[in-house]
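Single-structure report; data block below.
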Amino acid sequence: QVQLVESGGGLVQAGGSLRLSCAASGRTFSSYATGWFRQAPGKEREFVAAINWSGGSTYYSTYYANSVKGRFTISRDNAKNTVYLQMNSLKPDDTAVYYCAASTRPSGSVVVPGWYSYWGQGTQVTVSS
């Protein structure tokens, strides 16, 4: 079992920054990847970013949606068992509930919500114009 708790959401002005945190507990050693998704009212949940670790090393790979590439950065602090999403140059279109998710599967598509086994409760991000 993996438990995920998001935090760090809030209201910011366009052009501002936020850092979201996803704190994991439970059998975190079994997590293959952690992803960030977001869902705006009336819209489908969409992929934002993901990070995964290669087998046998600490090398990691990151993935970003085109809409956030260059503005958002996903990172991980193993000591704190936390994954972060640094969001810079925020736009009103970034307004959504942001969810972190974890997958224990060794392979698959990080952009597909169904690939993830565990989800946090979400944190609201609102970007004003």
Side-chain angles (χ1 to χ4, degrees):
Q1 295 288 341
V2 177
Q3 293 79 46
L4 306 173
V5 179
E6 303 98 331
S7 62
L11 173 64
V12 298
Q13 296 182 3
S17 298
L18 282 175
R19 188 182 73 165
L20 305 184
S21 299
C22 176
S25 61
R27 300 182 67 186
T28 56
F29 62 88
S30 65
S31 294
Y32 176 76
T34 300
W36 284 98
F37 292 78
R38 65 188 183 187
Q39 188 167 23
K43 295 185 178 180
E44 297 291 325
R45 188 167 299 186
E46 66 174 349
F47 171 77
V48 177
I51 184 169
N52 75 285
W53 301 88
S54 63
S57 73
T58 58
Y59 175 81
Y60 65 89
S61 298
T62 57
Y63 311 84
Y64 298 95
N66 288 335
S67 59
V68 306
K69 195 170 186 178
R71 300 188 297 120
F72 292 9
T73 303
I74 188 170
S75 62
R76 178 174 178 173
D77 186 333
N78 287 333
K80 297 181 179 180
N81 214 14
T82 300
V83 173
Y84 302 97
L85 183 67
Q86 178 66 46
M87 306 185 296
N88 298 326
S89 301
L90 284 163
K91 306 174 181 179
D93 284 348
D94 296 320
T95 296
V97 176
Y98 283 70
Y99 300 88
C100 66
S103 177
T104 59
R105 301 176 183 180
S107 63
S109 177
V110 298
V111 308
V112 179
W115 185 66
Y116 294 84
S117 301
Y118 305 97
W119 293 84
Q121 83 287 350
T123 184
Q124 177 70 48
V125 172
T126 302
V127 184
S128 62
S129 300

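Only heavy atoms go into these numbers, but all of them, side chains included; no hydrogens, no water, no symmetry mates. Bear in mind that the values here come from a model prediction, so they are computed numbers and not experimental data.
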The complete set of salt bridge (charged side-chain N to carboxylate O under 4.0 Å, His left out) pairs with one or both residues in residues 62-71, sequence neighbours excluded, reads R71-D94
Rounded to the nearest 0.5 angstrom, the OG-CH2 distance for S109 and W115 is 8.0 Å
In short, P113 meets R45 closest at the heavy-atom pair CG-O, 4.4 Å
Side chains of residues 84-93: which donor-acceptor pairs under 3.5 Å do they make with residues two or more places apart or in other chains?
from : atom 1 : to  : atom 2 : distance (Å)
Q86  : NE2    : N88 : OD1    : 3.0
N88  : OD1    : S17 : OG     : 2.9

Taken in chain and number order and not counting sequence neighbours, the residues that satisfy ring-ring contact (aromatic ring centres under 6.0 Å, His included) with F37 are F47, Y116, W119
Those residues at least two apart in sequence (or on a different chain) that pass side chain to side chain donor-acceptor pair (under 3.5 Å) with Y63 are N52
- Donor-acceptor under 3.5 Å (T95 side chain, V127 main chain): yes
Tell me which donor-acceptor pairs under 3.5 Å the side chains of residues 5-15 have, and how far apart each pair is, sequence neighbours excluded?
from : atom 1 : to   : atom 2 : distance (Å)
E6   : OE1    : Q121 : N      : 2.8
E6   : OE1    : G122 : N      : 2.8
E6   : OE2    : C100 : N      : 2.8
E6   : OE2    : G122 : N      : 3.2

When every non-hydrogen atom of T104 is compared with those of S117, the smallest separation belongs to OG1-OG, 4.0 Å
Those residues at least two apart in sequence (or on a different chain) that pass side chain to side chain donor-acceptor pair (under 3.5 Å) with Y98 are R38
Residues passing the side chain to side chain donor-acceptor pair (under 3.5 Å) test with T126, sequence neighbours excluded, are Q124
Do the numbers put R76 on top of the ring of Y60, so that NZ or CZ is under 6.0 Å from the six-membered ring centre and no more than 45° off the axis? no
Here the pair of heavy atoms bringing A102 nearest to L4 is N-CD1, 3.5 Å
